[in-house]
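Below: the structure, in structure tokens.
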Amino acid sequence: MPDSATQNSGATRAELAAADGPPALRFPYDATALTEHPLRTERLVLRPLEASDAADVYEYQRIPEVLRYLPWPERDRTEGYAHTAKRAAGRLLVVDDDFVVLAAELPGTRSVDDPRRDRVIGDFMIRVSSAKHAQLELGWVLHPDFQGLGYAAEAAGAVLDFVFETLNPHRVQAFLDARNAASAALCERLGMRREATILEEEYNDGEWQDTAIYGVLRREWAARRGTAGS
Ligand SMILES: CC(C)(COP(=O)(O)OP(=O)(O)OC[C@H]1O[C@@H](n2cnc3c(N)ncnc32)[C@H](O)[C@@H]1OP(=O)(O)O)[C@@H](O)C(=O)NCCC(=O)NCCS
């Protein structure tokens, strides 16, 4: 992906940015629509997280390896279920910090507490970074048993496409613990560029932690997809 001031067309980045026009998020957006009509990928179904997914979520939420680079403390089951209920409450995207979390169901696997339901193997968050400037954020977590199989890339790619197609942000970003190589690789697989490393931004688990910021502009996403940009 070209990331210099001059891109393939020969136009400067400023010219391309100007051509993109002003922020035009399609807000408000009510993600309840995704309960009725989930996103479907080759192997996964993505629909808004529900409080009743708490048992499946706790299966990955309780694993230290999963928490390592997430700003989540260790939680006991009660705390974990309360946390999932809180995250499951996000539906309406209107103002900064509004969010929705999409649960990734894997058809053919059984939920840990209800064999009639497909298991939630991870979740993918969409958050409003800036409604004024049409900037959205993505976040993700997958149960380790299902990592290394391309599920995160498949789900996050579908979420990124959904976000650009439906919500029309100018830019989508992700914030990572800079040591999180798996998450950085996922960002790059999605066509996101490392835009910044913030040194010693947070103090977690007894050490100062750097934050990496990855981002992709709408026109870059559109170029990768070979589509017209809007
Ligand atoms: C970040 C995270 C979601 C990435 O998951 P992941 O499974 O590594 O990501 P992907 O879906 O892109 O899978 C990539 C791996 O699957 C392999 N793979 C296997 N089949 C594949 C397929 N069909 N398509 C793509 N990749 C495939 C790839 O080769 C790659 O392997 P590698 O890691 O050995 O290079 C996961 O590490 C995680 O949940 N971490 C804990 C929570 C966390 O830190 N979240 C991020 C906070 S910012």
Mind checking whether [X] and [Y] sit in one hydrophobic cluster, side chains of I, L, V, M, F, W, Y counted as touching below 4.5 Å?
X	Y	result
Leu106	Leu142	yes
Leu46	Leu167	yes
Leu34	Phe124	yes
Leu39	Val100	yes
Met125	Leu176	no

>> Between Glu220 and Arg193, is the side chain to side chain contact (heavy atoms under 4.5 Å, CB included) condition met? List the steps.
In response: CA-CA 10 Å; Glu220 294 168 335; Arg193 163 192 45 241; 2.6 Å; yes
Distance (rounded to the nearest 0.5 Å) between [X] [atom1] and [Y] [atom2]:
X	Y	atom1	atom2	answer
Cys187	Leu160	SG	CG	10.0 Å
Glu137	Ile126	CD	CD1	11.0 Å
His143	Thr109	NE2	OG1	11.0 Å
Asp118	Arg47	CG	CZ	9.0 Å
Arg62	Glu79	CZ	CD	15.0 Å
Asp145	Ile121	CG	CD1	10.0 Å

Are the side chains of [Y] and [X] in contact, using a 4.5 Å heavy-atom criterion?
X	Y	answer
Glu50	Val57	no
Glu105	Val120	yes
Arg91	Asp30	yes
Val95	Val128	no
Leu102	Pro48	yes
Pro169	Leu25	yes

Any donor-acceptor pair under 3.5 Å linking the side chain of [X] with the backbone of [Y]?
X	Y	value
Glu59	Asp56	no
Asp53	Leu49	no
Glu74	Pro64	no
Glu65	Ile63	no

>> What I want to find out is whether Arg219 reaches Asp20 closely enough, with some N-O distance under 4.0 Å, to be called a salt bridge.
In response: yes
> With the threshold set at 4.0 Å, does a side-chain nitrogen-carboxylate oxygen contact exist between Arg87 and Asp123?
Replying inline: yes
Can you list every ring pair (Phe, Tyr, Trp, His ring centres under 6.0 Å) pair that touches [range], not counting sequence neighbours?
range	value
residues 73-103	Trp72-His83
residues 20-65	Tyr29-Phe162
residues 184-209	Tyr203-Trp208
residues 163-198	Phe164-Trp221

>> Under 6.0 Å from the ring centre and within 45 degrees of the ring axis: does the NZ or CZ of Arg179 meet both conditions for the six-membered ring of Tyr69?
In response: no
> Listed by chain and number, what are the side-chain hydrogen bond (donor to acceptor under 3.5 Å, both in side chains) partners of Thr166, not counting sequence neighbours?
Replying inline: none
>> Less than 3.5 Å apart, any donor N or O on the side chain of Asn168 or Arg218 sitting next to an acceptor on the other?
In response: yes
>> Could you walk me through whether Arg171 and Leu217 satisfy the side chain to side chain contact (heavy atoms under 4.5 Å, CB included) test, starting with their C-alpha distance in whole Å, then the side-chain angles of each, then the deciding distance to 0.1 Å, before giving a yes or no?
In response: CA-CA 4 Å; Arg171 177 175 164 275; Leu217 297 169; 4.0 Å; yes
Atom pairs and distances, side-chain donor-acceptor, residues 209-216, under 3.5 Å, sequence neighbours left out:
| unit_1 | atom_1 | unit_2 | atom_2 | d |
| --- | --- | --- | --- | --- |
| Gln209 | OE1 | Asn204 | ND2 | 2.4 |
| Asp210 | OD1 | Glu200 | N | 2.7 |
| Thr211 | OG1 | Glu201 | OE1 | 2.6 |
| Tyr214 | OH | Glu188 | OE2 | 3.2 |

